[in-house]
Amino acid sequence: MKKQDKTLPLTLLGAAFVMIVGSVAGYILISSEETVDNLPLGAEVVPKDAMMTLHLSTNSNQWEQLQQFGTPESKTALKKLLGELRDRFLTTYGYNYQRDIQPWIGKKVMIAFLRKSTLEPSNPTTPDSPPPPPAQQATMMVLPIADPTAAKQILDKPRSPKEGKLVKRTYRGIEITETEGVPNQDISVAALGGKFLVVTNSQTAINRAIDIYKGDNSLKKAPGYIAAMEKLETAAPFAQVYVNIPIAAAYTSSKSITPVSEENLKQLEDNQGMAATVSIVPEGIDLKAISWLKPNSQKKFSVENNATGMLNRVPGNALMMISGSNLQKMWSDYVKGAAANPIAPINPDTFRQTVKNGTGMDLDKELINWMAGEYSLSLLPIPKNKDQLQKFAAGFVFMVKASDRRAAEESLKKLDEAMKKKEFEVGEAVASGKPVVKWTSPFGGFTVIRGWLNGNVAFFTLGGSVENQILPAPTNSMAESVVLQETLPLESESFNGNFFIDISRTFNPQNLSIPQLPANQKVWVDGMESIGVTSIVSNSRTTNYDVFVKLKKQQ
């Protein structure tokens with residue numbers, strides 16, 4: 001097959017429409033039937049080990065609602081993107097989405113991404129073995145037929161492609177229409193059950209879809225898939241996403257400059273999948289997600305949802321904040337998963353060595369060992385003072401509840417001595433009437449303040465002077481912040497962790513001097529107000545996430 005990795009998924013819709021017309025219209029009308037169950041569209045024809053699936057709403061009102069958000073620039077960019085996805089490939093063949101497809105298509109369109117080995121015979125003796133790094137992928141689209149009569153009226157008028165020709169073949173009693181002689185577009189189309197059309201860029205993939213339709217293992221047999229989708233069920237979602245974590249990691253690794261070894265990929269065997277439902281709400285985009293482990297996995301999640309206290313300690317004016325229930329457990333889990341994650345932001349070994357070189361201390365044995373409590377890292381703005389020149393516009397605050405106060409005291413004293421050897425000026429100081437320790441850089445570039453808060457909570461500040469914002473406890477905390485409550489509706493009284501960023505203030509050059517984003521990224525960021533994420537460990541095998549993106553709305 002030709003260059004399947006570079007074929008845009010939505011190219012299939014336009015290229016296939018020419019083939020659909022006249023080739024399956026009669027079959028649609030006489031064979032139409034209702035869906036036999038409430039499975040997500042296409043689950044009965046997509047392989048069990050599909051790498052990823054995406055359901056998109058065809059409701060024009062939802063797309064119009066989405067286009068109401070953002071800046072004039074982001075609206076223009078979105079309109080351009082939608083135009084490319086809907087019409088670019090259709091107009092090539094003289095068709096229009098609103099006129100020729102919208103009258104008969106169902107409420108959702110499904111796009112599935114399949115790894116190469118999915119299209120080959122599976123080895124039943126090793127069902128849980130890690131997938132081999134695939135050389136390529138295939139793309140499959142499932143188009144539902146909601147109005148067979150309207151579909152037949154449009155599809156009865158065939159048009160020939162500008163290049164190549166259409167050929168037909170039969171596989172297991174199902175007629176397939178395919179392109180022949182069309183450069184870089186190997187398209188296959190078949191109507192299954194009269195319910196929907198399946199379009200792929202791979203002859204093998206269309207055969208596989210028919211095999212599954214005839215009874216082979218489909219996506220609905222993937223462990224936990226149906227249960228996850230039922231938990232995420234919501235009225236008229238804009239999009240639904242499913243990712244098979246081990247398979248997606250293997251594929252990503254195969255495309256990475258530094259591929260992950262097969263040995264490290266085995267560490268992901270316990271993970272099964274992640275699914276999400278995306279809804280458009282009056283203030284932006286709401287995303288509900290769930291990740292889960294395989295039913296026979298040895299790995300288990302720790303059910304710790306104790307991150308509530310830190311929201312009361314972080315000032316409500318924070319530009320950014322991340323918090324969690326147990327720093328020690330978080331670090332342990334990150335270390336185990338980072339080796340198998342081709343896009344992990346921090347290399348654990350490199351970070352350990354950096355700490356060792358900078359302080360002479362063992363990160364795991366002398367620092368993380370007493371940090372088995374809740375934690376937070378936040379970025380706080382510093383009010384501008386017209387009468388005083390400021391080096392910093394903001395400062396970082398790290399707080400962690402010590403699980404072993406005695407071990408913590410010993411480690412922090414050792415850390416003070418290490419800083420002295422680095423020629424830092426280390427001495428006692430007072431902040432809001434509380435004793436603290438202050439490190440001053442020998443070059444006068446920055447200072448670090450460390451100390452203790454009530455409840456065995458150790459804190460560090462870095463950059464601008466922000467210690468007085470947490471000492472004493474803030475009168476307006478993140479738990480009471482209107483901005484946070486709008487972005488991060490806390491539907492549960494207990495949760496495992498939170499993330500929040502006020503994009504409007506953080507990326508405002510008048511507040512912070514940070515590097516400018518590339519234009520193709522900045523246009524989307526400028527259309528956002530803030531992002532909030534909450535995670536809750538439901539049980540030993542599932543974790544739920546609530547993500548909300550508050551978008552700008554022009555008056």
Measure from the side-chain N and O atoms of Ser188 to the backbone N and O of Thr200, and report whether any donor-acceptor pair falls under 3.5 Å. no

All heavy atoms of Gln68 vs all of Lys75, minimum pair found to be O-CE, 3.4 Å

* Between Tyr171 (side chain) and Ile206 (backbone), is there a donor-acceptor pair under 3.5 Å? -> no

Note: Val142 and Leu41 closest approach over all heavy atoms is O-CD2, 3.9 Å

* Would you say the side-chain atoms of Asn201 pair up with the backbone N or O of Thr139, donor to acceptor, closer than 3.5 Å? -> yes

For Phe238, the ring pair (Phe, Tyr, Trp, His ring centres under 6.0 Å) test, sequence neighbours excluded, returns Trp63

* **Donor on one side chain, acceptor on other, Ser530 and Asp502, under 3.5 Å** => no

Heavy atoms of Pro144 and Val109 approach each other most closely as CD-CA, 4.4 Å

Quiz item: Is any side-chain N of the basic residue among Asp286 and Lys288 closer than 4.0 Å to the acidic one's carboxylate O?
Solution: yes

(message) Could you check whether any side-chain N or O of Arg505 sits under 3.5 Å from a backbone N or O of Asn317, counting only pairs where one atom can act as donor and the other as acceptor?
(response) yes

Under a 3.5 Å distance rule, please check whether Thr277 uses its side chain to pair with a backbone N or O of Leu232 as donor and acceptor. yes

Original post:
Do Glu529 side-chain atoms and Gly284 backbone N/O form a donor-acceptor pair below 3.5 Å?
Top reply: no

Residue pairs passing the ring pair (Phe, Tyr, Trp, His ring centres under 6.0 Å) test with at least one member in residues 264-283, sequence neighbours excluded, are none

**Q.** Asn305 side chain vs Asn496 backbone, donor-acceptor pair below 3.5 Å
**A.** yes

*Got a donor-acceptor contact below 3.5 angstrom from the Lys220 side chain to the Ile226 backbone?*
no

Whether the side chain of Thr58 engages the backbone of Lys107 through a donor-acceptor N/O pair (distance < 3.5 Å, no angle test) should be reported.
yes

CE of Met110 to CE of Met140, rounded to nearest 0.5 Å, is 8.5 Å

### Message
I'd like to know if the side chain of Trp524 and the backbone of Ala77 have a donor-acceptor N/O pair within less than 3.5 Å.
### Response
no

Looking only at heavy atoms, the pair that brings Pro237 and Thr234 closest together is CD-O, 3.3 Å

### Message
Between Asn207 and Thr204, is there a side-chain donor-acceptor contact under 3.5 Å, judged purely by atom types and distance?
### Response
no

